[in-house]
Amino acid sequence: MAAGVAAWLPFARAAAIGWMPVANCPMPLAPADKNKRQDELIVLNVSGRRFQTWRTTLERYPDTLLGSTEKEFFFNEDTKEYFFDRDPEVFRCVLNFYRTGKLHYPRYECISAYDDELAFYGILPEIIGDCCYEEYKDRKRENAERLMDDNDSENNQESMPSLSFRQTMWRAFENPHTSTLALVFYYVTGFFIAVSVITNVVETVPCGTVPGSKELPCGERYSVAFFCLDTACVMIFTVEYLLRLFAAPSRYRFIRSVMSIIDVVAIMPYYIGLVMTNNEDVSGAFVTLRVFRVFRIFKFSRHSQGLRILGYTLKSCASELGFLLFSLTMAIIIFATVMFYAEKGSSASKFTSIPASFWYTIVTMTTLGYGDMVPKTIAGKIFGSICSLSGVLVIALPVPVIVSNFSRIYHQNQRADKRRAQKKARLARIRVAKTGSSNAYLHSKRNGLLNEALELMGTPEEEHMGKSTSLIESQHHHLLHCLEKTTNHEFIDEQMFEQNCMESSMQNYPSTRSPSLSSHPGLTTTCCSRRNKKTTHLPNSNLPATRLRSMQELSTIHIQGSEQPSLTTSRSSLNLKADDGLRPNCKTSQITTAIISIPTPPALTPEGESRPPPASPGPNTNIPSVASNVVKVSAL
Amino acid sequence: MRGQGRKESLSDSRDLDGSYDQLTDSVEDEFELSTVCHRPEGLEQLQEQTKFTRKELQVLYRGFKNECPSGIVNEENFKQIYSQFFPQGDSSTYATFLFNAFDTNHDGSVSFEDFVAGLSVILRGTIDDRLNWAFNLYDLNKDGCITKEEMLDIMKSIYDMMGKYTYPALREEAPREHVESFFQKMDRNKDGVVTIEEFIESCQKDENIMRSMKLFDNVI
């Protein structure tokens with residue numbers, strides 16, 4: 001239950017008056033406010049800075065340090081205040097949490113210091129409010145990454161014998177800093193990529209003349225040398241590729257990845273060239289294949305983070321780039337058409353057709369202006385100038401959009417993933433809180449009987465056993481209990497509900513008569529008989545732990561002729577005293593009494609011996625005997 | 001302090017400083033008008049009007065203001081607050097009925113005066129006052145008598161608060177049967193409606209109800 005809402009509990013309880021005239025059964029007693037003291041101010045001295053607040057403010061969260069009795073450890077008798085030797089800045093946030101119910105994270109605070117303080121005060125960081133949660137999580141993640149990096153660099157010195165050879169190799173390939181060998185391999189491949197690219201380039205440079213023939217490019221002059229270099233490079237690349245293929249954890253995925261495709265494309269031309277004969281016709285095609293050797297430069301992207309980011313940028317901005325292309329195409333077509341018709345009149349015009357004018361338009365719009373095609377007519381010049389002006393605009397407009405789009409998309413992607421993860425966590429937290437509060441009620445119901453049974457024993461020291469709920473919680477549970485009484489149904493948790501559903505569906509067989517002491521129609525009001533608490537009921541103390549079992553065993557009880565097959569095993573029905581003055585309001589139906597044996601859980605019998613309750617003969621007599629612990633349940 | 005004054009000053013300022021923006025004015029509007037603040041009357045007046053002591057009023061107001069800093073509760077807020085107490089079921093319908101019962105002047109919001117006036121009747125009023133208040137709660141259209149349909153609505157809303165996981169499992173007819181038994185008890189002349197006199201008379205005859213009406217006396 002949220003903090004501030006606890007202040008509305010009195011209102012919710014008062015509003016329960018609306019159920020009273022409708023209810024058929026009497027209501028349970030309200031929990032007595034034994035220590036009703038006036039709300040007082042308490043002073044919290046945190047490293048010299050004094051904070052003051054109401055006591056009830058702190059008691060809103062009884063499972064934290066300040067809300068529980070744990071703060072008594074810090075009480076200073078001399079100054080009559082609570083002294084904490086902690087950071088007062090963070091304490092401000094903590095105290096605001098009690099006041100407003102929202103925990104904020106101050107940005108200037110160090111994340112680990114903040115976490116430490118929260119841990120000290122017993123507050124879970126998950127309840128940080130939405131406004132500050134993202135910031136908190138970001139900082140926490142950075143911190144965790146920093147710690148991980150530290151750990152990694154420590155681990156790199158150690159050897160990890162647990163990894164298999166294959167895994168070590170893969171790690172070496174992916175992260176060259178893991179070992180010296182990996183680093184050497186990294187540099188060697190990088191060197192050979194560079195060598196390969198440079199040889200490709202230098203091959204085409206004219207190298208001086210051999211006397212008697214025209215100028216040759218170096219590649220043809222020193223063809224043997226270049227061939228050897230090429231072979232060496234390709235061998236290295238092939239070996240590298242095969243090694244990576246061997247070490248990859250998922251070979252299929254590796255083959256499909258972009259980098260491996262680049263690798264393959266880079267070395268393919270060499271092998272194709274080896275295989276092919278020196279046929280004149282085919283070698284023309286072969287030469288074109290050599291173009292693909294330039295793809296080797298992309299292998300550098302394994303070595304360069306920047307290249308990878310660039311590739312990702314282009315991929316993610318595909319739609320913006322497409323828009324740019326489309327708008328450019330539109331403009332080009334328009335202007336080319338206009339220029340063509342404008343220049344149609346002039347003689348010896350280079351604008352022979354509209355496609356021919358495309359070249360002029362592109363060159364003008366990108367402000368290149370080669371000058372190989374120029375308009376000669378006045379109309380042509382006018383439109384040409386309009387074309388160049390608009391070119392600037394058309395190009396300059398989408399580019400910043402692309403740039404900002406990229407940064408927006410990139411950050412948005414990250415934030416969307418973060419939010420998705422947070423949403424799941426948040427829903428889980430809300431669900432846990434909800435089930436927590438309803439489970440708390442169910443749990444306290446079982447404990448509540450124990451408390452009442454103990455109270456009736458009259459042993460004051462045992463009263464405190466099980467009194468773990470705060471006053472606010474007990475009041476809330478009393479409210480829920482009143483609702484149960486009003487509607488004559490009880491809260492249970494999900495598993496029990498499903499169990500009951502299954503059992504009720506199995507109960508449609510007319511089964512054999514159950515062993516019953518007495519079965520006769522009578523009126524029992526399970527809820528109402530709870531009023532009478534004068535008798536002592538030992539068996540009740542067994543119930544809290546075994547109520548589940550008893551409900552299971554009830555399913556085997558045969559119910560005779562009841563119009564409404566609704567089982568109400570109220571713990572209260574185990575009371576000996578059947579109310580003779582039965583409330584006429586309650587539902588009536590036939591009952592069957594049956595015997596259920598409930599084993600005594602040893603932990604729950606606080607008393608040494610049991611007092612046999614007065615055996616009063618009545619329609620529903622329970623005669624529990626300690627020896628056999630047989631308890632009767634009257635079922636409606 | 002009220003909304004109207006702020007609206008007028010808003011339109012003036014919009015023209016003057018040119019902050020009026022065609023594209024975004026609707027958004028700005030919402031932000032400006034939502035900060036309406038309501039202050040209750042003085043402590044002495046409330047002490048006269050209700051039966052709470054000064055200290056009790058102080059405690060009540062502190063809790064009220066904490067949850068509703070603007071000084072008034074609207075229906076959404078109210079439903080949300082009330083639903084925190086019933087995590088297993090759906091309390092929104094019953095919360096609506098409660099809201100209508102507290103909102104005596106039917107202006108769509110419950111101020112602290114309304115809140116405290118209602119609580120004063122429930123917690124410090126005579127039994128007859130409380131029965132009157134409960135009758136007012138059940139009488140949805142405030143026509144002086146409770147029909148079976150009104151009672152059925154109320155009953156359904158109460159049963160909704162139990163949620164799905166109950167023992168025994170909630171059946172469809174449970175609210176209706178409950179309404180039938182209620183009318184059997186309350187409707188003296190069997191005319192199908194329960195008037196205020198019948199209601200009070202029948203309740204006074206029922207010990208259970210009399211006792212439970214006093215159950216929450218010491219809540220504050």
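Because the structure is a prediction, the values reported are computed rather than measured. We name chains A, B, ... by the order of the sequence lines, and we start the count at 1 in each one.
Evaluated for a side-chain contact (heavy atoms from CB on, under 4.5 Å) with A/P21, the options B/S212, B/S202, B/C203 yield exactly one hit, B/C203.
Partners of B/E48 by salt bridge (charged side-chain N to carboxylate O under 4.0 Å, His left out), not counting sequence neighbours: none found.
For B/F135, no part sits under 4.5 Å from any heavy atom of chain A, backbone or side chain. Interface residue B/A169: backbone and side-chain heavy atoms are both found under 4.5 Å from chain A. Looking at B/L170, both its backbone and its side chain come within 4.5 Å of chain A, counting heavy atoms on both sides. Interface residue B/F102: only side-chain heavy atoms are found under 4.5 Å from chain A. At a 4.5 Å heavy-atom cutoff, the contact between B/M151 and chain A is made by side-chain atoms alone. Using a 4.5 Å cut-off between heavy atoms, A/L483 contacts chain B through both its backbone and its side chain. In this structure, the portion of B/V73 lying under 4.5 Å from any heavy atom of chain A is its side chain and not its backbone. Heavy atoms of B/L137 lying under 4.5 Å from chain A belong exclusively to its side chain. With a threshold of 4.5 angstrom between heavy atoms, B/F78 approaches chain A through side-chain atoms but not through N, CA, C or O. Interface remark: B/L119 contributes side-chain atoms only to the contact with chain A (heavy atom separation under 4.5 Å).
A/E484 places no side-chain N or O within donor-acceptor distance of the main-chain N or O of B/T166, the cut-off being under 3.5 Å.
The neighbour count for B/R176 CZ, taken as heavy atoms of other residues, nucleotides or ligands under 6.0 Å away, does not exceed 12. The number of heavy atoms from other shown groups lying within 6.0 Å of NZ (B/K156) does not exceed 12.
Using non-hydrogen atoms only and a strict 4.5 Å limit, no part of residues 188-197 of chain B faces chain A.
Here the CG atom belonging to B/L131 is positioned 7.5 Å from the CD1 atom belonging to A/I17, to the nearest 0.5 angstrom. Separating the OG1 atom in A/T486 from the NE2 atom in B/H178 is a distance of 7.5 Å, to the nearest 0.5 Å. Between atom CE of residue B/M213 and atom CE of residue A/M20 there is a gap of 8.5 Å, rounded to the nearest 0.5 Å. The line from CG of B/L123 to CZ of A/R13 is 9.5 Å long, rounded to the nearest 0.5 Å.
Aromatic ring centres of B/Y165 and A/F491: separated by at least 6.0 Å. Taking the six-membered ring wherever Trp is involved, the centroid distance between the rings of A/F11 and B/F85 does not fall below 6.0 Å.
Interface check for chain A: of the options B/K164, B/Q88, B/M162, the most heavy-atom pairs under 4.5 Å are formed by B/M162. The most heavy-atom pairs under 4.5 Å with chain A, out of B/Y138, B/F115, B/F86, come from B/Y138.
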